[in-house]
There are 2 protein chains.
Amino acid sequence: MPKKGKSDYERPALVLKALAHPTRLLILNSLKKKETCVCELRDLVGDDMSTVSKHLLVLKNAGLVAARREGNWLNYRLTCPCVLDFADCIAKLGK
Amino acid sequence: MPKKGKSDYERPALVLKALAHPTRLLILNSLKKKETCVCELRDLVGDDMSTVSKHLLVLKNAGLVAARREGNWLNYRLTCPCVLDFADCIAKLGK
DNA sequence: TTGCTATTTTGCCAAATTGCCAATTACTTG
DNA sequence: CAAGTAATTGGCAATTTGGCAAAATAGCAA
């Protein structure tokens with residue numbers, strides 16, 4: 001196995017970075033239960049809808065969520081529900 | 001179980017943020033094998049020692065590493081070797 | 001088409017992050 | 001004590017991030 005360098009960790013770092021925000025963890029936790037539209041997530045987190053939309057873009061770029069349009073609504077869902085197992089585990093890590 | 005809000009995710013987000021950097025993942029991976037001093041980590045990552053030292057501070061603040069002085073050297077170690085299990089898993093997530 | 005609603009994009013700005021260099025601290029040895 | 005090695009700290013510029021608000025876009029319905 002070749003020795004690993006910084007560049008081998010860029011992709012995982014990107015995913016971790018996407019996870020590393022309280023609002024995004026809250027969003028992901030909500031998506032774990034069910035597909036949810038942006039306006040519902042806005043009510044959940046209490047920020048401006050544009051802010052929520054930006055967070056969702058970050059998650060999408062990291063490949064953690066995907067969207068499906070249904071009429072006027074965009075319903076977001078987890079692409080890989082297992083992400084939150086890490087998050088829960090890390091929560092325990094942090095005492 | 002009470003409903004979770006943003007503030008419940010601040011601590012895990014802090015830990016994830018500490019993980020979310022290629023250099024820090026490389027450092028953690030090295031520490032998994034053995035306790036290591038800063039100058040050795042500097043050779044590994046190729047950045048200035050002050051830069052490495054700051055990364056280690058971030059990891060220490062997140063509770064992921066601890067240091068033990070031995071003469072002139074400060075040897076860092078993982079406080080909880082399991083962290084990298086997440087990282088490996090997340091690496092797979094990111095395709 | 002027009003109007004309405006849901007969502008995204010853009011612009012803006014304050015705050016945080018990153019990495020380097022220089023100065024400083026901590027420790028050992030002569 | 002002074003000199004040398006290991007590490008941290010402070011300062012700085014460049015870049016990124018987070019959040020709001022205004023403008024633009026996408027789809028539905030009359």
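In the text below, chain A, chain B and the rest are named by the order of the sequence lines, each starting its count at 1.
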Within this structure, what is the [atom1]-to-[atom2] distance between [X] and [N], rounded to whole angstrom?
X        : N       : atom1 : atom2 : result
Leu41(A) : dT8(C)  : CG    : P     : 10 Å
Leu74(A) : dG27(D) : CG    : C1'   : 10 Å
His21(B) : dT15(D) : NE2   : P     : 15 Å
Leu26(A) : dG19(D) : CG    : P     : 12 Å
Asp43(A) : dA6(C)  : CG    : P     : 11 Å
Glu10(B) : dA16(C) : CD    : P     : 13 Å
Leu57(B) : dT25(C) : CG    : C1'   : 15 Å
Leu56(A) : dT9(C)  : CG    : P     : 11 Å

Would you list the pairs meeting salt bridge (charged side-chain N to carboxylate O under 4.0 Å, His left out) in which at least one residue belongs to residues 43-58 of chain A, sequence neighbours left out?
->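 Sorted pair list: Asp47(A)-Lys6(B).
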
Proximity to the side chain of Arg24(B) - top-ranked nucleotide from dG18(D), dA16(C), dT18(C) = dT18(C)

Below 4.5 Å, heavy atoms only, C-beta onward: do [X] and [Y] meet side chain to side chain?
X        : Y        : value
Leu78(B) : Lys32(B) : yes
His55(A) : Thr51(A) : yes
Leu74(A) : Cys37(A) : no
Val65(B) : Arg77(B) : no
Lys34(A) : Glu40(A) : yes

Closest non-hydrogen atom pair between [X] and [Y], with its separation:
X        : Y        : value
Leu19(B) : Leu16(A) : O-CD1, 3.6 Å
Thr36(B) : Ser30(B) : OG1-OG, 4.1 Å
Val15(A) : Ala62(A) : CG2-O, 4.1 Å
Leu59(B) : Ala18(B) : CD2-O, 3.7 Å
Pro22(A) : Glu10(B) : CG-CG, 3.7 Å
Leu25(A) : Tyr9(B)  : CB-CD2, 3.6 Å

Mapping Asn75(A) and Lys6(A) to their closest nucleotides on DNA chain C, which lands nearer the 5' end?
-> Asn75(A)

Listed in order of residue number, which residues of residues 45-53 of chain B have a non-hydrogen atom at under 4.0 Å from DNA chain D?
-> Met49(B), Ser50(B), Ser53(B)

Sugar-phosphate only, base, or nothing, as touched by Lys17(B) at under 4.0 Å among non-hydrogen atoms |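 Sugar-phosphate, backbone atoms only, no base.
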
Is any side-chain nitrogen or oxygen of His55(B) closer than 4.0 Å to OP1 or OP2 of dG19(C)?
->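 Yes, such a contact exists.
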
Within the pair Tyr76(B) and dA6(D), is there a side-chain N or O less than 4.0 Å away from OP1 or OP2?
-> no

Hey, what bend do you get for the helix from dT1(C)-dA30(D) to dG30(C)-dC1(D) if you fit axes on five pairs at each end, rounded to 10°?
-> 10°

Counterpart residues, side-chain hydrogen bond (donor to acceptor under 3.5 Å, both in side chains), relative to Lys17(B) (two or more places apart) |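 Once residues adjacent in sequence are excluded, Lys17(B) has no partner under the side-chain hydrogen bond (donor to acceptor under 3.5 Å, both in side chains) criterion.
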
Using atom names, set out every protein N or O paired with an N or O of nucleotides 11-13 of chain C below 3.5 Å, distance rounded to 0.1 Å.
residue, atom, partner, partner atom, Å
dG11(C), O6, Lys54(A), NZ, 2.9

Atom pairs under 3.5 Å: protein N/O with N/O of nucleotides 26-30 of chain C:
residue, atom, partner, partner atom, Å
dC27(C), O2, Asn72(B), OD1, 2.8

Charged N to carboxylate O below 4.0 Å: is that the case for Glu70(B) and Arg68(B)?
->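 Salt bridge present between Glu70(B) and Arg68(B).
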
